[in-house]
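Presented below is the structure to which this report refers.
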Amino acid sequence: MNKIACFSKILIALALACSTSYAQSGKPLYTKPIGAQAYTFRSSFPKGIEATLDSIQAFGITELEGGPQKGMTTVELRKQLDKRNIKMPSIGAGYEALIKDPQETIDNAKILGANFVMVAWIPHEKGNFNLETAKKAVADFNKAGKILKENGITLCYHNHGYEFVPYEGGTLFDYIVKNTDPKYVSFEMDVLWTAFPGQDPVALLNKYGSRWKLMHLKDLRKGVKGDLSGGTPVENDVALGTGSIDIPGVLKAAKKAGIKHYFIEDESPSFMKQVPQTIAYIKGLKE
């Protein structure tokens, strides 16, 4: 086991030892496998894919949302994941790449064993996400989602904060949900990118129920003022339970909505310290 993986085990053990402070009475609130978004470890993968996967395994993470990694074939990546009993139920795809050539994404998903493909960004002029852009996204998502569904894969759009521009008594995000075909298009909620633009994650989970299939678990530093930019300094990503978002409320609503997979995503430079804190926190939550 490499030094990073050993250090990871020590961190998770220390965090779990402290997790009793989060505990309430009753049954565990979070009962799904511990998952993570590979982007959390973006600074580690270039230094060594296998060593990074060792660290991920040491954290107790058994599900990863990711995709092909530079420097390793997708087939070999699947072997390395299997070796560590890590599943990859969801992979990411760029909007333009998916629309232009969905077959490449389909092939990668099948090799990696993924049943979901998520798109996390709709190309648009900065500060100007508008109805025309939303309409194009709806058409593109319906088309690509149909092709993916025919191959046994579900397309999920991951909200990023800029979609909550007011529109007809709701938002352009509402427009996208209502005009995409539920047979072909589902959604992944990024909790931070729902709260940052001033939306209530619990209310949106309740509003759209089973349209939500996946979730990024993130917390936002207290006192941060949000906007519709879809961007905030990475230091504003904090360990779950230490920020401004009602994580227990989100998890309860997510369970009710039937979320299939949860992925911890920590974009901060302190992710090696914060990920164990986050895992200990969600493991310690009780209903």
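The closest donor-acceptor contact from the side chain of Asn142 to the backbone of Asp181 lies under 3.5 Å. Between the side chain of Asn159 and the main chain of Asp190, a donor-acceptor pair closer than 3.5 Å is present. At least one donor-acceptor pair closer than 3.5 Å links the side chain of Asn151 to the backbone N or O of Ile147. Looking at Glu163, its side chain does come within 3.5 Å of a backbone N or O of Gly161 through a donor-acceptor pair. Using a distance-only test at 3.5 Å, with no hydrogens or angles considered, a donor-acceptor pair links the side chain of Thr52 to the main chain of Ser44. Between the side chain of Thr73 and the main chain of Glu76, a donor-acceptor pair closer than 3.5 Å is present. In this structure a side-chain-to-backbone donor-acceptor pair under 3.5 Å is present from Thr40 to Asp266.
The existence of a salt bridge linking Lys178 and Glu168 is excluded, since no basic side-chain nitrogen approaches an acidic carboxylate oxygen closer than 4.0 Å. A salt bridge is defined here as a Lys NZ or Arg NE, NH1 or NH2 lying under 4.0 Å from an Asp or Glu carboxylate O, and Glu150 with Lys146 meets this definition.
There is a path of hydrophobic side-chain contacts, each under 4.5 Å, that joins Leu64 to Ile279. In the hydrophobic clustering of ILVMFWY residues, with side-chain heavy atoms under 4.5 Å counting as a link, Val191 and Leu214 come out apart. Side-chain heavy atoms closer than 4.5 Å link hydrophobic residues (I, L, V, M, F, W, Y) into clusters, and following such links, even through other members, never connects Met118 to Tyr184. Both Leu172 and Phe164 belong to a single network of hydrophobic side chains, linked directly or stepwise wherever heavy atoms of I, L, V, M, F, W or Y lie under 4.5 Å apart. Tracing side-chain contacts under 4.5 Å through hydrophobic residues (I, L, V, M, F, W, Y), one never reaches Leu98 starting from Tyr39; they form parts of separate clusters.
Closest approach of Gly209 and Ala257 over heavy atoms only: O-CB, 3.6 Å. Shown here for Gly67 and Leu77, the closest heavy-atom pair between the two residues is O-CD2, 3.3 Å. Heavy atoms only, all atoms of each residue included: Asn179 and Val138 are closest at O-CG1, 3.2 Å. Taking both residues in full, the closest heavy atoms of Ser244 and Asp219 are given as N-OD1, 3.3 Å, listed atom of the first, atom of the second, then distance. Considering every non-hydrogen atom in both Tyr262 and Lys255, the closest pair reads OH-N, 3.7 Å. Taking both residues in full, the closest heavy atoms of Arg78 and Leu112 are given as NH1-C, 3.5 Å, listed atom of the first, atom of the second, then distance.
Under the 6.0 Å cut-off for aromatic ring centres, Tyr162 and Trp121 qualify, their centroids lying closer than that.
A ring-ring contact (aromatic ring centres under 6.0 Å, His included) with Phe173 is found for exactly one of Tyr167, Phe129, Phe187, namely Phe187. Between Leu217 and the options Leu251, Ile245, Leu192, Thr278, a side-chain contact (heavy atoms from CB on, under 4.5 Å) holds for only Leu251. With Gln37 as reference, Glu265 is the one residue of Glu265, Arg42, Glu267 to meet the side-chain contact (heavy atoms from CB on, under 4.5 Å) rule.
Using a 4.5 Å cut-off on side-chain heavy atoms (C-beta onward), Ile99 and Lys143 make no contact. Under the 4.5 Å side-chain criterion, counting only non-hydrogen atoms from C-beta, Val238 is not in contact with Ser268. Considering only heavy atoms from C-beta on, Thr194 stays 4.5 Å or farther from Leu205 through its side chain. Within the 4.5 Å cutoff, no side-chain heavy atoms of Leu29 are placed close to those of Lys286. The side-chain heavy atoms of Lys260 and Phe116, taken from C-beta on, include a pair separated by under 4.5 Å. Side-chain contact check for Lys149 versus Lys183: every heavy-atom pair is 4.5 Å or farther apart. Between Glu125 and Asn130, every side-chain heavy-atom pair lies at or beyond the 4.5 Å cut-off. At least one side-chain heavy atom of Phe271 sits under 4.5 Å from a side-chain heavy atom of Ser43.
In this model, no donor atom of one side chain and acceptor atom of the other lie less than 3.5 Å apart for Thr105 and Asn108. Counted by atom type alone, Gln103 and Asp107 present one or more donor-acceptor pairs between their side chains at under 3.5 Å. With no hydrogens or angles considered, no side-chain donor-acceptor pair links His261 and Glu65 at under 3.5 Å.
Residues satisfying the salt bridge (charged side-chain N to carboxylate O under 4.0 Å, His left out) criterion with Lys135, sequence neighbours excluded, are absent altogether.
Atom CD1 of residue Ile264 and atom NZ of residue Lys218 lie 12.5 Å apart, to the nearest 0.5 angstrom. Note that CE of Met215 and CZ of Phe263 are 11.5 Å apart. Values are rounded to the nearest 0.5 Å. Rounded to the nearest 0.5 angstrom, Ser90 OG and Glu188 CD are separated by 5.5 Å. Considering CG of Leu148 and OG1 of Thr154, their distance stands at 8.5 Å, rounded to 0.5 Å. Distance OG1/Thr133 to CD1/Ile176: 9.5 Å, rounded to 0.5 Å. From Gln199, atom CD reaches atom CG of Leu204 across 5.5 Å, with rounding to the nearest 0.5 Å.
Other residues, nucleotides and ligands contribute at most 12 non-hydrogen atoms within 6.0 Å of the CD atom of Glu96. Heavy-atom neighbours of Lys87 NZ from other residues, nucleotides or ligands within 6.0 Å: at or below the threshold of 12.
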**OP:** Check the pair Asn206, Val202 against side-chain contact (heavy atoms from CB on, under 4.5 Å), reporting the backbone distance first and the verdict last.
**Re:** CA-CA 6 Å; Asn206 290 335; Val202 172; 3.6 Å; yes
Original post:
Is there a side-chain contact (heavy atoms from CB on, under 4.5 Å) between Tyr281 and Thr242 once you walk through the steps?
Top reply: CA-CA 9 Å; Tyr281 173 74; Thr242 68; over 6 Å; no
Subject >> Audit row: Phe41, Leu53, side-chain contact (heavy atoms from CB on, under 4.5 Å) steps and yes/no >> reply: CA-CA 9 Å; Phe41 306 92; Leu53 291 176; over 6 Å; no
Original post:
Going through the distances and angles, do Arg211 and Val185 end up as a side-chain contact (heavy atoms from CB on, under 4.5 Å)?
Top reply: CA-CA 8 Å; Arg211 291 300 299 276; Val185 183; 4.3 Å; yes
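Classification of the Tyr95-Phe141 ring pair by plane angle, with boundaries at 30° and 60°, yields perpendicular. Note on ring orientation: taking the six-membered ring where Trp is involved, the planes of His158 and His160 are tilted (angle from 30° to 60°).
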